[in-house]
Asker: 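Structure below; questions to follow.
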Amino acid sequence: MRVLCVAEKPSIARSITQILSGGQFSTRNSPNKYIKNFDFDYPQTNSQFTVTSVTGHLLDHDFESAYSNWQSCDPFILFDAPILAKVKKGSETIARNLNQEARRVQVLMIWTDCDREGENIGAEIAGICRKAKANITVRRARFSAIIAQQIHNAAQNPVQLDMAQSNAVEARTLLDLRIGAAFTRFQSLQLQQRFDQLKGDVISYGPCQFPTLGFVVSRYNQVKAFVPEDFWYIYLALTRIEETTGEEEETPFTWRRGHLFEFEVALAFYEHVLENPTARVTKVTNKNTKKWKPLPLTTVDLQKAGSRLLKISPKTILDIAEHLYQQGFLSYPRTETDQYDPEFNFMSLIEKQAADPAWGQFATNLQNGGFQAPRRGKNNDKAHPPIHPTAHAGNLAGDEKRVYEYITRRFLASCSKDALGWETTIDVDCGGEAFYATGLTVRERNYLDVFPYDKWSNKILPNFEEDEEFMPSVCELKEGQTTRPSLLTEADLVSLMDKNGIGTDATIAQHIQTIIDRKYVMERMQGATKYLVPSTLGIGLVEGYNDVGFDRSLSRPEMRRETERQMVQICEGQKTKADEPRDHQRW
DNA sequence: GCAAGGTC
């Protein structure tokens, strides 16, 4: 029997081939320069296998040409206009390869990622192969990690494609196109007519880009509407001569009440303290504490860290990681998974870092007993492991080097131990009011030695005994003001989108780029931090949609959440894709 | 000229 295996991307085709063939295979070129066809015998199922791949989705959706002219077609017709699926521009060679290979086999086995998009890509592949060979048998291999035992198991126990999941994706695809095209044309034409300065600009609407814009505008409005408030607090401090250094050291104590917004009340407390100014130590607490090592790295985390620590935009970070992946230095950089498979081979990867001049010694220490299995996060996309270095890269430069370094240090840190410390809390009573001071002694730095991005340092307190009394050297009623919230940073925006389900790990950065390209949002540097500021156009669009008076504005994330919920319903068989567009036409 | 989702 001849079997054609099709993976979602070339790298997976190669891995599957390695495992199933045991390394004995021959390679043929395909009409596409990225894709190879691998042939070998698979005696376990008495078959001859050919393994190839696509590169993600093969099809693109668009309206029939009768609907392509913006002027001559009412945008609202687009909600009902027929949509055609055709092979994407640039993917013709991939489709031709499938066509040729399918003719040679009896069975098609789909090896796309085991997620919704993977199921849909599988259906696209099946469609193309069936056109080439109508009676081809279609099977689905299910695997959640590139591990020999799982891959063999998947090859020997194939299942069926899950058409419900595929249909859910198709429903979303059509919905996004209809809504996006209709609203984009409508608002572009309307606004271009009203405002000369917008002539020639596309004013796009998208179900992801608008909530993204909404977050930026909403924070901007909060900043603008902010009115600072005065508050008051009692500040207590004791100056002592530090025994070892002979220097004066001031130990500040924090008021347990924090700060108060009414001056008279704060003053009353303060006067009471002044009448009884002797401070008494009520309690000295010592306890072990630790600073947790970082979780295994996801795409969203990498983008946040990159923006915050390396000052590289989310889009650029992903591009750099992609390039490092293609060179074989990194695992697949688009992943939601923050837990490693129990069988993951950490040691062989740590070994590869032992040669590095900067962190090689740390890697060696991990090999010699310093290793501890990484923490397990809550997310698993069942398709890819957390981002980790797969080879040592010694000759990188510039931002590539910095990104690789962050990922590698983070990997080594996650394989190390939590930092351990000793925390001291001094509780003090003064005039009936409670104050406290906290000190920290770092006992074991552990992961911190390889991960300079986390700060945790000693804060030494002088010795205090329980029931000890002292006269504070400072006791003041201080005034402060609430501080204005800051504009949104790129890292904040990535977090908000992730939390609200706007976009995916692979697309969040693109949506941010889109609202910048559309001139809805500008980047503004303040010191070393990049903030996002909405333009007049961006603010106007959001205000416009808010004013329409829907209970859920199109600039809010709820609409996307609803689409997501309905996709889950399709996956679970409670709805069909035919329900979807009609539902949305009501508004 | 419109979207969002894969991946190169």
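Here is how names work: the chains are called A, B, and so on, in the same order as the sequence lines, proteins then strands, and each is numbered from 1.
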Asker: Scan A:Tyr332 against the nucleic acid and name what it touches under 4.0 Å (heavy atoms): base, sugar-phosphate only, or nothing.
Answerer: sugar-phosphate
Asker: Evaluate ring pair (Phe, Tyr, Trp, His ring centres under 6.0 Å) for A:Phe40 paired with A:Phe25, printing each intermediate quantity in order.
Answerer: CA-CA 5 Å; A:Phe40 55 90; A:Phe25 60 91; 7.1 Å; no
Asker: Classify the nucleic acid contact of A:Asp60 as base, sugar-phosphate or nothing, counting any heavy atom under 4.0 Å across all strands shown.
Answerer: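 Counting heavy atoms under 4.0 Å across all strands, the contact made by A:Asp60 includes a base.
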Asker: Among the nucleotides B:dA3, B:dG5, B:dC2, which one has an atom lying closest to any side-chain atom of A:Glu117?
Answerer: B:dG5
Asker: Could you tell me how the ring of A:Phe210 sits relative to the ring of A:Tyr520: parallel (under 30°), tilted (30 to 60°) or perpendicular (over 60°)?
Answerer: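 Correct class here is perpendicular.
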Asker: Is A:Arg518 near enough to B:dC2 that one of its side-chain N or O atoms lies under 4.0 angstrom from OP1 or OP2?
Answerer: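 For B:dC2, OP1 or OP2 has a side-chain N or O of A:Arg518 closer than 4.0 Å.
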Asker: Between A:Arg178 and B:dA3, is there a side-chain N or O to OP1/OP2 distance below 4.0 Å?
Answerer: no
Asker: Taking atom C1' of B:dG5 as reference, at what distance in whole Å does atom CG of A:Leu318 sit?
Answerer: 14 Å
Asker: Rounded to whole angstroms, how far apart are NZ on A:Lys33 and C1' on B:dT7?
Answerer: 14 Å
Asker: Could you state the CZ-C1' distance from A:Phe210 to B:dA4, rounded to the nearest angstrom?
Answerer: 15 Å
Asker: Please give, in whole Å, the distance from B:dG6 P to A:Gln165 CD?
Answerer: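 After rounding, the reported distance stands at 13 Å.
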Asker: With nearest nucleotide decided by heavy atoms, which residue, A:Gln326 or A:Asp201, maps closer to the 5′ end of DNA chain B?
Answerer: A:Asp201
Asker: Please give, in whole Å, the distance from B:dG1 P to A:Gln192 CD?
Answerer: 13 Å
Asker: From the list B:dA3, B:dG1, B:dT7, which nucleotide is the closest neighbour of the side chain of A:Gln209?
Answerer: B:dA3
Asker: Strictly below 4.0 Å: does A:Gln510 bring a side-chain N or O up to OP1 or OP2 of B:dG5?
Answerer: no
Asker: From the options B:dC2, B:dC8, B:dG6, select the nucleotide whose nearest atom is closest to the side chain of A:Ala506.
Answerer: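 The answer is B:dG6, which lies nearest to the side chain.
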Asker: With a 4.0 Å cutoff (strictly under), does any side-chain N or O of A:His511 reach OP1 or OP2 of B:dG5?
Answerer: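 True: A:His511 side-chain N/O within range (under 4.0 Å) of B:dG5 OP1/OP2.
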Asker: Select one nucleotide: of B:dA4, B:dG6, B:dG1, the one nearest the side-chain heavy atoms of A:His57.
Answerer: B:dG6
Asker: Does the side-chain ring of A:Trp70 sit on the six-membered ring of the B:dG1 base, less than 5.5 Å centre to centre and under 30° in tilt?
Answerer: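 Given the distance and angle limits, yes, they stack.
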Asker: Could you walk me through whether A:Tyr332 and A:Arg334 satisfy the side chain to side chain donor-acceptor pair (under 3.5 Å) test, starting with their C-alpha distance in whole Å, then the side-chain angles of each, then the deciding distance to 0.1 Å, before giving a yes or no?
Answerer: CA-CA 6 Å; A:Tyr332 190 66; A:Arg334 285 179 281 267; 3.2 Å; yes
Asker: Counting only side-chain nitrogens and oxygens, does A:Tyr67 get under 4.0 Å of the OP1 or OP2 atom of B:dC2?
Answerer: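 Answer is no, no contact under 4.0 Å.
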Asker: Can you check side chain to side chain donor-acceptor pair (under 3.5 Å) on A:Thr335 and A:Asp505, steps first, answer last?
Answerer: CA-CA 7 Å; A:Thr335 175; A:Asp505 47 13; 5.7 Å; no
Asker: Take the protein atom CZ of A:Phe186 and the nucleotide atom C1' of B:dG1, then report the distance between them rounded to whole Å.
Answerer: 18 Å
Asker: Less than 4.5 Å apart, side chain to side chain, heavy atoms only: is that true for A:Thr17 and A:Ser15?
Answerer: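 No; the side chains remain at least 4.5 Å from each other.
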Asker: Please confirm whether the shortest side-chain N or O distance from A:Arg560 to OP1 or OP2 of B:dG5 is below 4.0 Å.
Answerer: yes
Asker: Describe the nucleic acid contact of A:Gly503 in one word from base, sugar-phosphate, nothing, applying a heavy-atom distance below 4.0 Å.
Answerer: sugar-phosphate
Asker: Can a donor-acceptor pair under 3.5 Å be found between the side-chain atoms of A:Asp62 and the base atoms of B:dC2?
Answerer: yes
Asker: Over how many whole Å does the gap from A:Ile512 atom CD1 to B:dA4 atom P extend?
Answerer: 13 Å
Asker: Show the numbers, then the answer: is there a side chain to side chain donor-acceptor pair (under 3.5 Å) between A:Glu336 and A:His384?
Answerer: CA-CA 8 Å; A:Glu336 295 170 38; A:His384 308 287; over 6 Å; no
Asker: Do A:His323 and A:Phe329 pass the ring pair (Phe, Tyr, Trp, His ring centres under 6.0 Å) test, and can you show the C-alpha distance, the side-chain angles, and the key distance before you say yes or no?
Answerer: CA-CA 9 Å; A:His323 191 228; A:Phe329 294 134; 9.0 Å; no
Asker: Out of B:dG5, B:dA3, B:dT7, which has the shortest distance to the side chain of A:Pro207?
Answerer: B:dA3
Asker: When we call it a touch if two heavy atoms are under 4.0 Å apart, what does A:His61 touch: a base, just sugar-phosphate, or nothing?
Answerer: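 Base contact.
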Asker: Whole-Å distance between B:dT7 C1' and A:Ile94 CD1?
Answerer: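 Answer to the nearest Å: 9 Å.
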Asker: How would you label the contact of A:Glu170 with the nucleic acid (heavy atoms, under 4.0 Å): base, sugar-phosphate, or nothing?
Answerer: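 Since no nucleic acid heavy atom lies under 4.0 Å of A:Glu170, the category is nothing.
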Asker: Looking at every strand, decide which applies to A:Thr184 at a 4.0 Å heavy-atom threshold: base, sugar-phosphate, or nothing.
Answerer: sugar-phosphate
Asker: Which residue, A:Tyr205 or A:Ser91, contacts DNA chain B at a nucleotide closer to its 5' end, judged by nearest heavy atom?
Answerer: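 The residue closer to the strand's 5' end, by nearest nucleotide, is A:Tyr205.
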Asker: Counting the atoms with a prime plus P, OP1 and OP2 as sugar-phosphate, which does A:Thr173 contact under 4.0 Å by heavy atoms, base, sugar-phosphate, or nothing?
Answerer: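 Base, at least one base atom sits under 4.0 Å.
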Asker: From B:dG5, B:dA3, B:dC8, pick the nucleotide closest to the side chain of A:Ser204?
Answerer: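 Taking heavy atoms from C-beta onward, the closest nucleotide is B:dA3.
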